[in-house]
Q: 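The structure under discussion is supplied below as structure tokens; questions concerning it will follow.
Because the structure is predicted, anything quoted here is derived from the model rather than measured.
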Amino acid sequence: MTDSAKPTLLVVDGHSLAYRAFFALPVDNFSTKDGQHTNGIYGFLAMLINLIKAEQPTHLAVAFDTSRQSFRTREYSEYKANRSESPSEFKGQIPLLQDCLAAMSITVLQKEDIEADDILATLATQGAEAGFSVLVCSGDRDTIQLVDDDITLLYPNVQGVSQLKRYDTAAVIERYGVRPEQYPDIAALVGETSDNLPGVPKVGEKTAVKWLGQFGSLDALLENADKVTGVVGANLREHIEDVRRNRTLNRLLRDVELPVGPLDLAVQPMDAQAVRDIFARLEFKTLIPRVAELAGIEQQMAAVTSAAAVPMPVAVEPSPTDLRAWLDAAAGEVGVTITLEGGLPNRIGFATADAAAEASWTPEVSEAISGWLASASPKVFSDAKPQVKALRRAGIRLGGLAFDTSVAGWLLRPSFPDKTLADLVDRYLDEKLPEADPSQLVPETEGATPGQLSWFALRVTAALRAELSPSVATVLSDIELPTLLALADMELAGVSVSHEKLAAFSSDLGERADAFALEAYAAIGREVNLGSPKQLQEVLFDELHLPKTRKTKTGYSTDAAVLADLQETNPHPFLDLLLQHREATKLRQIIESLDSAIQNPASGGDGRVHTTYVQTGSQTGRLSSTDPNLQNIPVRTSESRRIRAAFQVGDGYDTLLTADYSQIEMRIMAHLSEDPGLVEAFISGEDLHRFVGARVFGVQPEEVTSAMRTKVKAMSYGLVYGLSAFGLSKQLRIEQAEAKQLMMEYFARFGAVRDYLRSSVERAKIDGYTETIFGRRRPFPDLASPNRVLRENAERAALNAPIQGSAADIMKIALFRIHDDFASHELRSRVLLQIHDELVVEIAPGEWDAAERIVRDRMGGAAELTVPLDVQIGRGDDWNDAGH
DNA sequence: ATTTAGACGTA
DNA sequence: CGTACGTCTAAATC
């Protein structure tokens, strides 16, 4: 509990935290082009910025040690004598860090013969006396003794500098079992290896706490040392002088003479130019906006309030020719909103910063403004794709798409995308979008008109741009917006699916499912709803008395993996029949939903299935597909591939082409980790799992058995998801020890992979987000969660996000370039489907060679990685034929 | 009528 | 105790 009326003094141990940051971050990723290492500086500053943002101190200082010598080394020459020389890469970072702090107008303190923690102790003591709420941030446990009602310690976690644990008096008692002022007594008894201060042998925290509880104080304990029984008692008596020495040395000085006091440490405005200069020199690109944000909060607030003063314009409704003139006269970007009726434009509205115009969609309006809509004149939309499609249906190809608020909102917060313009107005303008009250037949409140919606979209655009980092802005303009236009065309094109093929298969499956069901009932002597997990639990565990399986929220699991396990340990005919029934009904289900999605030619449809790609549907940058989902059409069993066979080349086209990236995620892993072995695997062109298997098992590639290959394959793929030994053992049905051994062997040969994965998560903890190769970001607040489950889930997701996300970026780039190339080469061939690492293309007569070349070149050349991007192409009359 | 949980399809 | 999705059914809830 902090007293908000009190000023807050934050004092930081610069040396110890920078040193921790140095070990937490990979030195390779943080070097300037002239070879200066900067990982310690970066990590420290990132942490400090976060800290200032979170704690909002009014007063601030950072203390440093001057050298390894201090009054303590003079008192006890062995003090810290075990510390190895700090690595050469670290040297030189401290003076540069101090330069950074100076540019940020943050006071730096150091004093000959005195350690940084003594400076912290002095300032904290003076600050508490002067009425400050004091925060001490240090990586040295001795500072625990400073904690009291006014002084709180922020101590870095073992995981790194990114997470600071808050120690107030209660937290110290909870963690160490003693009051803060008693902690040095514990430390004196236990000793401090890192300071080369041996304590009493066999005495750890538990014993020390017990003793202090018994005797009341360290002095009392030492006086009554003869009363302590056993080996530890003897040890205590033998090392009593060590304990006294330790206690002297770990007492922090609270009365160091300093040139400044707490009141002199008020936070000062930064020297913006100096900050820019030194950060540029250190090549800290991402830190600059974060520091600026810290420094410029007041300005930003002012900007927001003044912007709210502009009144919402009333839209004019000019004649078609006047509307065209209005658009031509508009300077800069124009907000555009098209409302739809039956897939076609209904009303269309436009806005500039202070005016709006709108019209109903008529042939005259269309005629008058189609040229402007197709032109490069910049336009801003909110959720452009359906509107782009409506225009396409009306024969107009939109040009000049400059911004989409929905996509931008998603890029900024992919985990909680603001779904509508109203959400964005709420969040980024802190205003309410006027909405018609849907509960009343005659709404009391007017909704915004298309022109006014456009005006809001334009204003939201300005607010979103202010928050987009340069890299994310580039992802929006260079990847997402071109992709949006390609997706619109893909959705319009749809894919031809044969009702006849589906229908035949479906009735097949129906009969089989019924037969399995009857047999299953016979096996247990009653009917049961096989689709009800609840009823199945009764059958399996109450009636058949099979052993309880994995727990779920509501009972015990009956999923396929569990049933397969049960079949092995407690074979029963019902289990297998249930699995077969499930498989058949699942397939039939998929077929039914697919069939009903075919636009029936009998009622004016085109006999094709038109999915909707949700561009803002994932947290990683992937697309998702709905109504129907065409990204989860079965492929694994030969049986299920009959469904793919129903996806066929459409009338007027020649053949289907499928193109997929082979092992794109592992290639990205090779690129990001620069693991020499993995890179060699891909450059050699040998089968990846065979190559890896040979290394891991120490045999020749041709000696890799299929069992070995299966294992390393599972391991390789698992890596991308943050797999544990436990998970690997379950997946491969091997002992955990063997899984552990496999991981050890794997990392022994491909160590840079592990280094990369570790450091990438560590970096995410410091930055608060992950980044793909192309700069797409995903925030991970839960990386700092004290809840272990939440945190570890976030760690696995953060490990996966840059890899899955980079693959998504690459595919999007390939996709829109192929789409655009087809158009510019005036091919009729068209991309129909995207299934994450695969494209399905419909090839027009005579265009195979040209189209195949474009697909191959664009997919292979979508990114320059240190390993090649391998593309597999297939050809056939249906998707199954064309696949491989 | 809508929501939740379990199951399962894909990359 | 492996990431990212969407959709189906049954059952629970409104």
Side-chain angles (χ1 to χ4, degrees), chain A residues 414-415 528-537 549-563 578-579 581-594 596-597 611-637 639-641 643-644 660-666 669 714-732 736 739-740 743 757 770 778 780 788-789 792-805 807-808 811 833-839 879 883:
Chain A
S415 304
V528 61
N529 185 342
L530 297 175
S532 163
K534 193 170 168 243
Q535 294 182 34
L536 287 175
Q537 285 176 48
T549 58
R550 177 171 57 84
K551 270 196 183 153
T552 66
K553 266 185 193 168
T554 54
Y556 296 93
S557 172
T558 66
D559 71 19
V562 157
L563 295 182
L578 173 57
L579 282 169
H581 176 264
R582 278 219 183 122
E583 196 181 331
T585 50
K586 179 80 184 176
L587 285 184
R588 199 171 53 148
Q589 209 181 67
I590 292 171
I591 291 167
E592 284 307 315
S593 62
L594 197 56
S596 64
T611 185
T612 301
Y613 288 105
V614 186
Q615 199 172 359
T616 59
S618 79
Q619 303 188 49
T620 52
R622 277 188 176 184
L623 303 174
S624 75
S625 159
T626 63
D627 302 315
N629 180 357
L630 296 185
Q631 290 181 322
N632 70 342
I633 301 301
V635 69
R636 298 214 167 143
T637 65
E639 187 70 332
S640 69
R641 282 196 288 273
I643 300 179
R644 293 205 166 205
D660 65 60
Y661 282 119
S662 64
Q663 291 134 353
I664 187 168
E665 293 191 339
M666 282 305 284
M669 176 89 94
M715 173 80 202
S716 289
Y717 278 103
L719 278 180
V720 178
Y721 305 138
L723 186 69
S724 63
F726 177 86
L728 186 64
S729 74
K730 264 193 90 168
Q731 149 108 18
L732 291 171
Q736 258 198 73
K740 214 167 186 170
M743 292 181 84
L757 292 171
T770 59
R778 174 170 170 191
F780 278 99
R788 201 179 74 166
V789 176
E792 290 181 348
N793 285 342
E795 284 172 358
R796 286 191 298 276
L799 191 118
N800 172 264
I803 300 169
Q804 191 184 120
M811 182 48 113
L833 303 176
Q834 188 259 40
I835 308 97
H836 307 307
D837 63 2
E838 174 184 8
L839 295 178
W879 191 6

Q: To the nearest Å, give me how far apart CG (A:N529) and C1' (B:dA7) are.
A: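 About 13 Å, once rounded to whole Å.
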Q: Quickly work out the A:Q537 CD to B:dA5 P distance and round it to whole Å.
A: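 Spelled out: CD on A:Q537 to P on B:dA5 is 14 Å.
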Q: Just the rounded figure in Å: distance from P of C:dA4 to CD of A:E795.
A: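 Answer to the nearest Å: 13 Å.
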Q: Listed by chain and number, what are the side chain to side chain donor-acceptor pair (under 3.5 Å) partners of A:Q535, not counting sequence neighbours?
A: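 Partners of A:Q535 by the side chain to side chain donor-acceptor pair (under 3.5 Å) criterion come out as none, since no residue qualifies.
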Q: Tell me whether the side-chain N/O atoms of A:T620 come closer than 4.0 Å to OP1 or OP2 in C:dT3.
A: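 Answer is no, no contact under 4.0 Å.
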Q: Taking salt bridge (charged side-chain N to carboxylate O under 4.0 Å, His left out) as the definition, give me every residue that meets it alongside A:E592, ordered by chain and number, with sequence neighbours left out.
A: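 For A:E592, no residue satisfies salt bridge (charged side-chain N to carboxylate O under 4.0 Å, His left out) once neighbours in sequence are set aside.
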Q: Using a cut-off of less than 4.0 Å, is there contact between a side-chain N or O of A:R796 and OP1 or OP2 of C:dA4?
A: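 Looking at the OP1 and OP2 atoms of C:dA4, neither is under 4.0 Å from any side-chain N or O of A:R796.
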Q: Between C:dT7, C:dA4, C:dG2, which one does the side chain of A:S724 approach most closely?
A: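 The answer is C:dG2, which lies nearest to the side chain.
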Q: For the CD1 atom of A:I633 and the CH2 atom of A:W879, what is their distance to the nearest 0.5 Å?
A: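 Atom-to-atom, A:I633:CD1 and A:W879:CH2 are 6.0 Å apart.
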Q: Whole-Å distance between B:dA5 P and A:Y556 OH?
A: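 Spelled out: OH on A:Y556 to P on B:dA5 is 18 Å.
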Q: Just call it for A:R778: base, sugar-phosphate, or nothing, with non-hydrogen atoms closer than 4.0 Å on any strand.
A: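 Touches sugar-phosphate only.
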Q: B:dA5 phosphate, OP1 or OP2: any side-chain N/O from A:T552 under 4.0 angstrom?
A: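 False: A:T552 side-chain N/O out of range (4.0 Å or more) of B:dA5 OP1/OP2.
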Q: Suppose we screen for side-chain contact (heavy atoms from CB on, under 4.5 Å). Which residues come up paired with A:R796, at least two apart in sequence or across chains?
A: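 In terms of side-chain contact (heavy atoms from CB on, under 4.5 Å), with neighbours along the sequence ignored, A:R796 is linked to A:E792, A:N793.
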Q: Given C:dA4, B:dA7, C:dT9, identify the nucleotide with an atom nearest to the side chain of A:T558.
A: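 Closest nucleotide among those given: B:dA7.
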Q: Within the pair A:K534 and C:dA11, is there a side-chain N or O less than 4.0 Å away from OP1 or OP2?
A: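 Looking at the OP1 and OP2 atoms of C:dA11, neither is under 4.0 Å from any side-chain N or O of A:K534.
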Q: Between the protein and nucleotides 9-11 of chain B, list every N/O to N/O distance that falls short of 3.5 Å.
A:
from, atom 1, to, atom 2, distance (Å)
B:dG9, N2, A:N632, ND2, 3.4
B:dG9, N3, A:N632, ND2, 3.0
B:dT10, OP1, A:V635, N, 2.7
B:dT10, OP1, A:R636, N, 2.9
B:dA11, OP2, A:R636, NH2, 3.4
B:dA11, O3', A:I835, O, 3.4
B:dA11, O3', A:D837, N, 3.1
B:dA11, O3', A:D837, OD1, 2.8
B:dA11, O3', A:D837, OD2, 3.2
B:dA11, N3, A:R622, NH1, 3.0
B:dA11, N3, A:R622, NH2, 3.3

Q: Which residues pass the salt bridge (charged side-chain N to carboxylate O under 4.0 Å, His left out) test with A:E583, sequence neighbours left out?
A: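 Salt bridge (charged side-chain N to carboxylate O under 4.0 Å, His left out) check on A:E583 returns nothing, list empty.
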Q: Could you check how far CD of A:E665 sits from C1' of C:dA4, rounded to whole Å?
A: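 Going from A:E665 (CD) to C:dA4 (C1'), I get 9 Å.
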Q: Counting only side-chain N and O atoms of A:S624, is one of them less than 4.0 Å from OP1 or OP2 of C:dG6?
A: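 So the side chain of A:S624 is within the cut-off, an N or O lying under 4.0 Å from OP1 or OP2 of C:dG6.
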Q: Using a heavy-atom cut-off of 4.0 Å across all strands, would you classify A:S625 as base, sugar-phosphate, or nothing?
A: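 Result for A:S625 = sugar-phosphate.
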Q: Report the distance from atom CG of A:L530 to atom C1' of C:dA10, rounded to the nearest whole Å.
A: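 These atoms are roughly 13 Å apart.
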Q: What is the distance, to the nearest angstrom, from the CG atom on A:L833 to the P atom on C:dG6?
A: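 The answer, rounded to whole Å, is 16 Å.
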Q: Between P on B:dC8 and CD1 on A:I643, what's the gap in Å once rounded to a whole number?
A: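 To the nearest whole Å, that distance equals 16 Å.
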Q: Over all heavy atoms of both residues, which pair between A:Y613 and A:L623 is shortest? Give the atoms and the distance, please.
A: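 Of all heavy-atom pairs spanning A:Y613 and A:L623, the closest is CD2-CD1, 4.1 Å.
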Q: Answer with base, sugar-phosphate or nothing: what part of the nucleic acid does A:E592 contact at a heavy-atom distance below 4.0 Å?
A: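 The answer is nothing, as A:E592 stays clear of every strand by at least 4.0 Å.
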Q: Under 4.0 Å: is that the gap between some side-chain N or O of A:T554 and OP1 or OP2 of B:dG6?
A: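 True: A:T554 side-chain N/O within range (under 4.0 Å) of B:dG6 OP1/OP2.
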Q: At less than 4.0 Å, is any side-chain N or O atom of A:T626 found next to OP1 or OP2 of C:dG6? Yes or no.
A: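 So the side chain of A:T626 is outside the cut-off, no N or O lying under 4.0 Å from OP1 or OP2 of C:dG6.
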Q: Of the listed nucleotides (C:dG2, B:dC8, C:dT3), which one gets closest to any side-chain atom of A:A560?
A: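 Closest of the options to the side chain of A:A560: B:dC8.
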Q: Name all residues meeting the salt bridge (charged side-chain N to carboxylate O under 4.0 Å, His left out) criterion together with A:D627; count only those two or more places apart in sequence or in a different chain, and write none if there are none.
A: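 Partners of A:D627 under the salt bridge (charged side-chain N to carboxylate O under 4.0 Å, His left out) test: none.
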Q: Indicate whether any N or O donor in one side chain lies under 3.5 Å from an N or O acceptor in the other, for A:S557 and A:T552.
A: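 The answer is no; no qualifying pair exists.
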